Amino acid sequence: MSRDRPPALRIVLIVVATTVAAALLIALLSVATGERGERRAPRTTTAAATTTVPRNAAAARVAGPASAAGTGTGARTSVVATGRPSAAELDAQVAAARRPVAGVPRARTRAFDADRALSLVRLQVAAGPRPAGSDALAAVRRQLVRRLPRATTEAVAGSPGLVNVVGRIPGRAPAVVLAAHYDTQLRPEGFVGANDSAAGTAVVLEAARALSRRPRPAGAREVRFVLFDGEELPPGGSDATFEQDGLRGSKAYAVAHRGEVGALVLADYVANRGLRLPRELGSDPRLWARVRAAAGRAGVGRIFAGTGIGIVDDHLPFLESGVPAVDLIDWDYAQKNTAQDTIDRLSLRALDATGETVVGWLDAERRR
């Protein structure tokens, strides 16, 4: 091309070049802002001043903004159960989860039935996506209620259609609580939440069965097994305000049962291959020490080593009301908040390690 361009052409080229440069600058700024957006600003809890991340911090990057029907925290979710796996797919995934993997020690206690727990993960995942308020979650809930001792359901205050599930072994107050959430994310499409939190729910159910089959010590504390609904964001909810928009079931339970709970352990990402469960930064140190002691007795103490980051999760409403609480969550789980959170990413041995630990902790804690 000739270097001598007409003046009008030079003006056009200058405008085009300026526009392109501006667009590139905006794109670069957007990327930088998005990367920073995965980490929330520091917050202060009753436990400590911590930098925390929302429980589904990566969801916006993976899935984009939520667009399901419904508005507000109490809207009924309208979601097609896309991503519902076939029986053959589930069988193959369960077989993969049963294969031995390196890095997770074998528990030496035999109080928890990991095979039964894995079948409970399969039961939930077979229903496909199970967001709060959906028909799929209601169908699964009916199955869960039948598997908890003295089970009851509690409507989540302020969120019509949402329901917490509670099982209990009677005893003196205050109660010891093992909890998980049982709803799944709205996005990404096809999200079935094998680790988040079908595995946590399965741990709660099987720990309840194991403990209810043991003789109850004289003077033992009450034990509750609570499955929270509405932990994940509602339609239109924002990752930037996850603590305000999510955690609906745990917030309602903490308010409704204020003064009744003496300690709580939350099971979230607890069954993935290569499982590591360092102390979540906001978790109560003394309660954590007792959980870790139970892991040591089960022979899996090295999984529960070190200190991680702070996570915005269902334990927070209890910490903020003065209840010692611990969040068991492997934040390094590579498939978190993606459609690849499937059963084949789990490990039977990891599921067993968590289960043996929490059964041992509950049995010791109810004697305190």
Side-chain angles (χ1 to χ4, degrees), residues 34-35 37-39 53-64 66 79 81-86 88-104 114 117-131 136 140 180-203 231-233 239 242 246 266-278 280 303 308-309 311-314 327-355:
E35 290 172 350
E38 291 180 27
R39 292 292 185 266
V53 296
R55 241 279 290 105
N56 66 341
R61 182 182 71 248
V62 173
V79 176
T82 54
R84 184 171 178 173
S86 69
E89 289 172 326
L90 288 169
D91 289 343
Q93 290 179 14
V94 168
R98 292 182 184 282
R99 295 186 193 119
V101 292
V104 176
L118 188 59
S119 72
L120 291 169
V121 175
R122 188 189 193 281
L123 179 150
Q124 295 170 80
V125 172
R130 309 169 301 284
V140 167
H181 74 92
Y182 72 107
D183 62 314
T184 58
Q185 296 176 188
L186 284 165
R187 294 289 183 268
E189 185 174 349
F191 182 84
V192 295
N195 204 27
D196 178 19
S197 181
T201 297
V203 164
E231 189 265 6
E232 304 290 4
L233 287 170
D239 181 56
F242 181 83
L266 178 70
D268 209 333
Y269 308 167
V270 294
N272 47 283
R273 293 168 179 266
L275 181 69
R276 288 296 179 269
L277 295 170
E280 183 273 333
I303 293 174
I309 62 174
I311 307 294
V312 176
D313 210 345
D314 276 324
D327 188 10
L328 300 181
I329 184 167
D330 187 344
W331 190 247
D332 290 331
Y333 175 49
Q335 288 76 36
K336 67 176 181 283
N337 305 314
T338 75
Q340 286 71 52
D341 182 8
T342 48
I343 298 176
D344 54 312
R345 308 294 182 169
L346 307 186
S347 159
L348 183 70
R349 186 177 292 184
L351 186 62
D352 188 56
T354 301

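Just so it is clear, the structure is predicted and the values come from calculations on it, not from any experiment.
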Handout entry: Stepwise side chain to side chain contact (heavy atoms under 4.5 Å, CB included) check, D332 with N272
Key = CA-CA 10 Å; D332 290 331; N272 47 283; over 6 Å; no

Practice task
Show your working on side chain to side chain contact (heavy atoms under 4.5 Å, CB included) between L233 and L186 and close with a plain yes or no.
Solution key: CA-CA 8 Å; L233 287 170; L186 284 165; 5.9 Å; no

Practice task
Test side chain to side chain contact (heavy atoms under 4.5 Å, CB included) on V192 and T342 and set out the steps.
Solution key: CA-CA 7 Å; V192 295; T342 48; 4.2 Å; yes

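Between L351 and L346 the shortest side-chain heavy-atom distance does not fall below 4.5 Å. Looking at heavy atoms from C-beta onward, L120 lies out of side-chain contact with T201 at the 4.5 angstrom threshold. At least one side-chain heavy atom of R98 sits less than 4.5 Å from a side-chain heavy atom of L118.
Scanning both residues, V203 and G355, for their nearest heavy atoms gives CG1-CA, 4.5 Å. Contact detail for A198 and A194: the closest heavy-atom pair is CB-O, 3.4 Å.
Of the possible polar contacts, one joining the R273 side chain to the D344 backbone as a donor-acceptor pair under 3.5 Å is found. Using modelled atom types, one side-chain atom of T354 and one backbone atom of V270 make a donor-acceptor pair closer than 3.5 Å. Although no hydrogens or angles enter the test, the distance criterion places no donor-acceptor pair under 3.5 Å between the side chain of Q335 and the main chain of Q340. Not one N or O on the side chain of D327 forms a donor-acceptor pair closer than 3.5 Å with the backbone of D268. Side-chain atoms of R84 never come within 3.5 Å of backbone atoms of P129 as a donor-acceptor pair (strictly under, hydrogens ignored). For the pair S347 (side chain) and P100 (backbone), a donor-acceptor distance under 3.5 Å is absent. The main-chain N or O of H181 is never found under 3.5 Å from a side-chain atom of E231 such that the two would form a donor-acceptor pair. Within the 3.5 Å criterion, the main-chain N or O of D330 finds no donor-acceptor partner in the side chain of R276.
Atom CG in L266 sits 7.0 Å away from atom OG in S197 (nearest 0.5 Å). In this structure, OH on Y269 lies 13.5 Å from CG on L328, to the nearest 0.5 angstrom. Atom-to-atom distance recorded for N195:CG and N337:CG is 11.0 Å, nearest 0.5 angstrom. Between the OG1 atom in T338 and the CZ atom in R345 there is a gap of 7.5 Å [rounded to 0.5 Å]. Atoms OH and CD, from Y182 and Q124 in turn, are 10.5 Å apart once rounded to the nearest 0.5 Å. Going from atom CG of D196 over to atom CG of D183 covers 8.5 Å, rounded to the nearest 0.5 Å.
Between the side chains of D341 and Y333, at least one donor-acceptor pair of N or O atoms lies under 3.5 Å.
Using a cutoff of 4.0 Å between basic side-chain nitrogens and carboxylate oxygens, D91 and R122 are scored as salt-bridged.
Every residue was checked against the salt bridge (charged side-chain N to carboxylate O under 4.0 Å, His left out) condition with R99, not counting sequence neighbours, and none meets it.
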